[in-house]
Amino acid sequence: MSDKTLVLTIKSSATPIQHIVKLKPGAYIIGRDPGCDIVLPDPFVSRKHARIFYREDQGKWYIEDLGSKNGTYVNGEKIEQPTQLQHQTEIVMGLTTIIVKEFEAE
């Protein structure tokens, strides 16, 4: 697969900052805890809320909820199992929205 780098836009109504994150294949924990790979300063996001990961065998990116209190929503639906990410997928956790902007070739 050529499009391995995941590009995300993160914005939150908890903070006026919007930023772009580029992820190389691997696994990344998202949450409020300062030790997370992607830290969201959102009071409605759990300390360790979700995990985004790349499955080398499939060449695809996924997100899974890590038992968060308020849940993780993908395109408006609460996810209960790992869910594949696609272009323009909208992920909502708490007051934060993460949009899959693109997949870039390495």
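Start at 1 with the first residue, then count along the sequence. Treat the numbers as computed from the prediction; the structure is a model and nothing was measured.
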side-chain contact (heavy atoms from CB on, under 4.5 Å) assessment of Glu64 paired with Phe53: CA-CA 8 Å; Glu64 68 179 338; Phe53 61 97; 4.0 Å; yes

Exam field: side chain [X] to backbone [Y], donor-acceptor pair closer than 3.5 Å:
X: Trp61; Y: Lys4; result: yes
X: Ser68; Y: Asp65; result: no
X: Ser12; Y: Ile10; result: no
X: His87; Y: Phe103; result: no
X: Arg51; Y: Ile29; result: no
X: Ser46; Y: Lys69; result: yes

Measure the shortest side-chain to side-chain distance between [X] and [Y] over non-hydrogen atoms and say whether it is less than 4.5 angstrom.
X: His19; Y: Val21; result: yes
X: Cys36; Y: Lys48; result: yes
X: Ile38; Y: Leu23; result: yes
X: Val39; Y: Arg32; result: no
X: Ile20; Y: Leu8; result: no
X: Tyr62; Y: Arg55; result: yes
X: His49; Y: Leu40; result: no

Hey, could you give me the CD1/NZ distance between Ile98 and Lys11, rounded to the nearest 0.5 Å?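 The NZ atom of Lys11 is 11.5 Å from CD1 of Ile98, to the nearest 0.5 Å.
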
To the nearest 0.5 angstrom, please state how far the NZ atom of Lys78 sits from the CG atom of Asn70. 8.0 Å

Run the numbers on Ile63 and Met93 for side-chain contact (heavy atoms from CB on, under 4.5 Å), then give the verdict. CA-CA 12 Å; Ile63 186 165; Met93 26 184 112; 3.9 Å; yes

Take Ile91 and Ile79 through the side-chain contact (heavy atoms from CB on, under 4.5 Å) test and state the conclusion after the steps. CA-CA 10 Å; Ile91 304 159; Ile79 60 169; over 6 Å; no

Side-chain donor-acceptor pair present, Gln58, Tyr54, cut-off under 3.5 Å: no

Does CD in Gln18 sit with more than 12 non-hydrogen atoms of other residues, nucleotides or ligands closer than 6.0 Å?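 Enclosed: over 12 neighbouring heavy atoms sit under 6.0 Å from CD of Gln18.
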
With a 6.0 Å cut-off (strictly less than), is the heavy-atom count around OH of Tyr28, excluding the residue itself, greater than 12? yes

Salt-bridge contact Glu104-Lys24 (side-chain N to carboxylate O under 4.0 Å): no

According to a hydrophobic-cluster definition based on side-chain heavy atoms being under 4.5 Å apart (Ile, Leu, Val, Met, Phe, Trp, Tyr only), do Val45 and Val92 belong together? no

Result of checking Thr72, Leu66, Ile52, Thr96 against Ile30 for side-chain contact (heavy atoms from CB on, under 4.5 Å):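 With Ile30 as partner, Thr72, Leu66, Ile52, Thr96 yield a single side-chain contact (heavy atoms from CB on, under 4.5 Å), made by Ile52.
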
If you compare all heavy atoms of Asn75 against all heavy atoms of Gln88, which two are closest, and at what distance to 0.1 Å?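 Scanning both residues, the minimum pair turns out to be OD1-O, 4.2 Å.
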
